[in-house]
Amino acid sequence: MCGITGWISFDRDLRSEQPTVDSMTETMKCRGPDARGTWVVEHAALGHRRLAVIDLPGGNQPMSVDTAGGPIAMVYSGEAYNFGELREELSRRGHVFVTDSDTEVVLHGYLEWGEDVAQRLNGMYAFAVWDSRVDTLVMIRDRMGIKPFYYYETPDGVLFGSEPKAILANPISESTVTMDGIRELFAFVKTPGHAVWDGMREVEPGTVVTVSHAGLRTHRYWTLHTRPHTDDQDTTVAHVRELLDDIVRRQLVADVPRCTLLSGGLDSSAMTAIAAQQLAEVGETVRTFSVDFVGQTEHFVADELRGTPDTPYVHDVARRSRTAHEDIVLDNDALADPAVRAKVIRARDIPTGLGDMDASLYLLFTAIRGLSTVALSGESADEVFGGYKQFFDPDAQKADTFPWLVHRVERFGDDSDIFTPEVTAALNLDVYVQDSYDSAVSGVDRLGGESDFEWRMRKICYLHLTRFVRVLLDRKDRMSMAVGLEVRVPFCDHRLVEYVYNTPWSMKTFDGREKSLLRAATRDVLPQSVIERVKSPYPSTQDPKYAVALQKQGKELLSEPAHPVFGLISQAWLTRAVSVDTPQVTQVSRLGLERTLDLAMWMDMYNPTIRL
């Protein structure tokens with residue numbers, strides 16, 4: 001895992017731009033605390049910060065190979081879990097390796113297959129290759145978009161980076177956000193390719209972007225296709241387990257300490273139990289970590305989203321799988337600390353956070369990083385297997401919009417009047433969301449003979465796998481890499497995603513519950529309590545002191561009426577939000593208050609030009 005950046009300019013000599021290249025590279029220091037490197041020729045400059053995970057002494061980057069037509073250099077972030085098999089195949093084809101790193105395998109894979117190397121990779125990756133034989137930059141991102149990757153077109157080339165901050169460190173970029181960017185921040189949708197910053201784009205998941213003298217070209221090498229499912233229920237359950245066993249085994253490979261993130265839910269518990277079983281075969285114990293809040297387990301109050309606290313189930317799994325477990329217990333002072341908020345915003349580059357859930361994730365990863373370098377997460381299993389409440393909500397099933405938005409107001413509060421009247425009118429968020437939904441579902445193919453209900457559920461699954469999950473994957477990557485922790489996501493293996501996506505909804509819920517396939521496939525390694533537990537999302541603090549702290553910070557912001565945030569946010573709305581009794585904060589949206597504070601701090605930190 002690492003941070004990458006670069007600059008391609010066909011009209012200037014970049015060998016005189018080393019200080020700028022260094023500045024871009026250093027913004028990625030959090031992603032790669034172990035080593036740094038740059039590679040600069042006349043029209044191409046590559047920068048790399050390394051988090052050493054595999055082949056600690058031999059995997060430094062940028063990595064290059066000399067050819068008869070000129071050098072080929074690469075900067076790479078992520079992991080190729082099948083690099084061993086690819087290395088053997090390439091060796092048979094005559095390639096000679098001087099390290100044991102997966103980076104060198106991917107580089108030689110490009111030498112052998114060109115951009116088609118992407119189709120042979122199993123993993124999470126974002127990498128860029130400068131091919132001086134044809135003066136072309138090739139940028140490739142993994143199928144599910146696990147690793148972030150951004151680029152910014154210039155008049156004579158492109159800037160790129162793992163995060164926007166690397167691009168914004170170059171003075172030829174502009175830190176501008178238009179109304180379209182504000183829409184993306186507040187619409188609760190994830191538009192493929194959208195980067196919020198004007199002129200900046202994401203390399204879309206499963207996509208190759210090439211930049212040459214002829215301009216920029218994109219090519220999609222993978223997408224989520226509709227295919228018939230011919231396996232019966234028992235065969236399907238067995239195949240899911242075979243895939244999970246193979247995926248976890250591959251993703252446990254590392255030359256540094258590793259662990260799992262354990263919430264006590266079905267997803268992380270299944271992954272942890274399989275990992276524990278596999279490590280026990282070689283005499284090792286899996287290390288597990290969970291997050292909790294001071295007093296929450298003892299004083300937990302069930303609500304519509306969360307019916308049970310995590311900790312009792314976490315401990316059941318830890319006992320059953322004999323893990324070396326540690327609870328990371330956080331207090332509200334840390335969750336509400338503006339210094340923590342600043343670190344979260346700096347990690348994400350945009351104020352699209354989830355309040356205390358972002359802060360707690362950052363603090364959890366900070367604690368883990370002192371003991372492990374690699375963590376396996378249960379992220380995305382709900383999207384793959386169908387675990388969220390909205391999958392089973394008749395209103396969400398029937399709605400012609402993103403299903404997670406159908407009951408958003410009831411669950412998170414109404415902040416529809418958070419903006420000034422002028423901004424509210426200009427944003428027109430309802431139209432933006434509807435256009436985004438219509439575009440998203442236009443990419444779904446229907447099977448011949450598929451019932452109307454199965455077709456609707458296919459679209460809901462597709463939306464979660466191509467829109468919703470990308471918000472969570474980006475969040476997890478940014479929070480983890482901000483402290484130099486590599487988080488792997490086994491449930492995002494494209495083989496599993498493709499197989500389960502094309503399994504009929506009736507089979508995904510054959511026992512009348514959510515995630516039937518995952519439960520059946522891993523039942524043998526789980527405690528009964530987890531098998532019977534109903535889905536509970538990532539935890540959020542219930543302590544009213546947290547809301548009190550937010551209101552105090554909101555009042556401090558109101559004492560600065562000239563703050564630029566009030567060009568967007570209504571002072572009247574914020575005045576009401578900080579004045580209501582604490583138990584009623586959610587009625588004016590605690591999330592809205594958190595996002596207002598994030599937006600104000602982001603403006604202070606980045607000083608963006610807001611063009612309305």
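In this text the structure is predicted, and so the values were computed from the model without any measurement. The chain is numbered in sequence order, starting from 1.
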- [ ] Please report the C-alpha distance between Trp7 and Leu14 in whole Å, then the side-chain angles of each, then the deciding distance to 0.1 Å, and finally whether the side-chain contact (heavy atoms from CB on, under 4.5 Å) criterion is met.
- [x] CA-CA 8 Å; Trp7 183 4; Leu14 295 180; 3.7 Å; yes
TODO: Quick one: do Asp493 and Tyr81 satisfy side chain to side chain donor-acceptor pair (under 3.5 Å)? Show the steps, please.
DONE: CA-CA 10 Å; Asp493 186 292; Tyr81 302 124; over 6 Å; no
TODO: Quick one: do Phe186 and Phe419 satisfy ring pair (Phe, Tyr, Trp, His ring centres under 6.0 Å)? Show the steps, please.
DONE: CA-CA 10 Å; Phe186 284 88; Phe419 298 106; 4.8 Å; yes
Task: Asp34/Arg49 under salt bridge (charged side-chain N to carboxylate O under 4.0 Å, His left out): CA gap, chis, key distance, verdict - done: CA-CA 7 Å; Asp34 296 328; Arg49 290 291 319 200; over 6 Å; no
TODO: Apply the test side-chain contact (heavy atoms from CB on, under 4.5 Å) to residues Leu51 and Glu486: give CA-CA distance (whole Å), side-chain angles for both, the deciding distance (0.1 Å), then the verdict.
DONE: CA-CA 8 Å; Leu51 176 64; Glu486 175 179 303; 4.1 Å; yes
Task: Worked verdict on Ser9 versus Arg12 for side-chain contact (heavy atoms from CB on, under 4.5 Å) - done: CA-CA 6 Å; Ser9 176; Arg12 73 173 79 194; 2.9 Å; yes
Task: Verdict with supporting geometry, Arg183 and Asp180, salt bridge (charged side-chain N to carboxylate O under 4.0 Å, His left out) - done: CA-CA 5 Å; Arg183 293 186 183 102; Asp180 207 33; 3.7 Å; yes
TODO: Please report the C-alpha distance between Phe391 and His464 in whole Å, then the side-chain angles of each, then the deciding distance to 0.1 Å, and finally whether the ring pair (Phe, Tyr, Trp, His ring centres under 6.0 Å) criterion is met.
DONE: CA-CA 10 Å; Phe391 280 98; His464 280 84; 4.3 Å; yes
- [ ] With side-chain contact (heavy atoms from CB on, under 4.5 Å) as the test, would you mind laying out the steps for Val497 and Arg143 before giving the verdict?
- [x] CA-CA 10 Å; Val497 171; Arg143 294 169 180 84; over 6 Å; no
- [ ] Go through the steps to decide whether Ser162 and Ser77 satisfy the test side chain to side chain donor-acceptor pair (under 3.5 Å), and finish with yes or no.
- [x] CA-CA 8 Å; Ser162 292; Ser77 170; 4.6 Å; no
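In this structure, Arg201 fails the cation-pi test against Tyr152, since its NZ or CZ atom is not both closer than 6.0 Å to the six-membered ring centre and inside 45 degrees of the ring normal. The cationic group of Arg369 does not satisfy the cation-pi geometry with Tyr362, failing either the under 6.0 Å distance to the six-membered ring centre or the 45° limit from the ring axis. Cation-pi contact between Arg346 and Tyr606: present, with separation from the ring centre below 6.0 Å and deviation from the ring axis of at most 45°.
The structure places CG of Asp445 at 10.0 Å from CG of Leu224, a figure rounded to the nearest 0.5 Å. In this structure, the separation between NE2 on His219 and CD1 on Ile140 is 9.5 Å, given to the nearest 0.5 Å. If you take CZ on Arg348 and CG on Asp358, they are separated by 5.0 Å, rounding to the nearest 0.5 Å. From Leu46, atom CG reaches atom CG of Leu137 across 7.5 Å, with rounding to the nearest 0.5 Å. Atom CG in Asn122 sits 11.5 Å away from atom CD in Glu79 (nearest 0.5 Å).
Annotation: salt bridge (Lys or Arg N to Asp or Glu O under 4.0 Å) contacts involving residues 458-471, sequence neighbours excluded, comprise Glu450-Arg458. Listed by first and then second residue, the salt bridge (Lys or Arg N to Asp or Glu O under 4.0 Å) pairs involving residues 214-224 are Glu115-Arg217, Glu204-Arg220 (not counting sequence neighbours).
A distance-only check finds no donor-acceptor pair linking the side chain of Gln61 to the backbone of Gly47 [under 3.5 Å]. Distance alone, capped at 3.5 Å, is enough to place a donor-acceptor pair between the His48 side chain and the Tyr76 backbone. A donor-acceptor pair is defined here as one N or O able to donate and one able to accept, closer than 3.5 Å; such a pair exists between the side chain of Arg141 and the backbone of Lys147. Checked by atom type and distance alone, the side chain of Arg306 pairs as donor or acceptor with a backbone atom of Tyr538 at under 3.5 Å. Remark: the backbone N or O of Gly145 is paired with a side-chain donor or acceptor of Asp142 at under 3.5 angstrom. Side-chain N or O atoms of Ser439 include none that pairs as donor or acceptor with a backbone N or O of Ser436 at under 3.5 Å. In this structure, Arg31 contributes its side chain and Cys2 its backbone to a donor-acceptor pair below 3.5 Å. Using modelled atom types, no side-chain atom of Thr218 and backbone atom of Val209 make a donor-acceptor pair closer than 3.5 Å. Proximity of a side-chain donor or acceptor of Lys476 to a complementary backbone N or O of Val487 within less than 3.5 Å is not detected. A donor-acceptor pair is defined here as one N or O able to donate and one able to accept, closer than 3.5 Å; such a pair exists between the side chain of Gln434 and the backbone of Asp400.
Side-chain atoms of Tyr388 and Asp393, non-hydrogen and from C-beta on, never get closer than 4.5 Å to each other. At a threshold of 4.5 Å between non-hydrogen side-chain atoms, the residues Phe491 and Asp267 count as touching. Contact annotation: the side chain of Met139 approaches that of Val211 to within less than 4.5 Å [non-hydrogen atoms, C-beta and beyond]. The shortest distance between side-chain heavy atoms of Val177 and Asp198 does not fall below 4.5 Å. Using a 4.5 Å heavy-atom threshold, the side chains of Trp222 and Glu498 count as touching. Proximity of Met603 to Ile610: side-chain heavy atoms (C-beta onward) are separated by under 4.5 Å at one or more points. Residues Val469 and Lys190 have side chains not in contact (no heavy-atom distance under 4.5 Å, counting atoms from C-beta outward). Two residues are said to be in side-chain contact when any heavy atoms from C-beta on lie closer than 4.5 Å; Ile8 and Trp130 meet this criterion.
With 3.5 Å as the limit, one finds a donor-acceptor pair spanning the side chains of Gln18 and Thr38. Between the side chains of Tyr546 and Glu594, a donor-acceptor pair is found at a separation under 3.5 Å. Side-chain polar atoms of Thr136 and Thr210 form no donor-acceptor pair below 3.5 angstrom. No side-chain N or O of Tyr151 forms a donor-acceptor pair with one of Glu202 less than 3.5 Å apart. Judged purely by distance below 3.5 Å, without hydrogens or angles, the side chains of Thr609 and Glu174 never pair a donor atom with an acceptor atom.
Between Arg341 and Asp356 no salt bridge is recorded (no basic side-chain N to carboxylate O distance below 4.0 Å). We find that Arg478 and Asp474 are joined by a salt bridge, their nearest charged nitrogen and carboxylate oxygen being less than 4.0 Å apart.
Not less than 6.0 angstrom separates the ring centroid of Phe402 from the ring centroid of Phe468. Checked against the 6.0 Å centroid threshold, Trp602 and Trp197 count as a close aromatic pair.
A perpendicular orientation is assigned to the rings of His213 and His43, their planes being inclined by more than 60° (bins at 30° and 60°).
Applying the salt bridge (Lys or Arg N to Asp or Glu O under 4.0 Å) rule to Asp417 yields the partners Arg576; only residues at least two apart in sequence or on another chain are considered.
Heavy-atom neighbours of Lys343 NZ from other residues, nucleotides or ligands within 6.0 Å: at or below the threshold of 12.
Each of Thr154, Thr20, Thr5 was checked for a side chain to side chain contact (heavy atoms under 4.5 Å, CB included) with Leu159, and the lone residue meeting it is Thr154.
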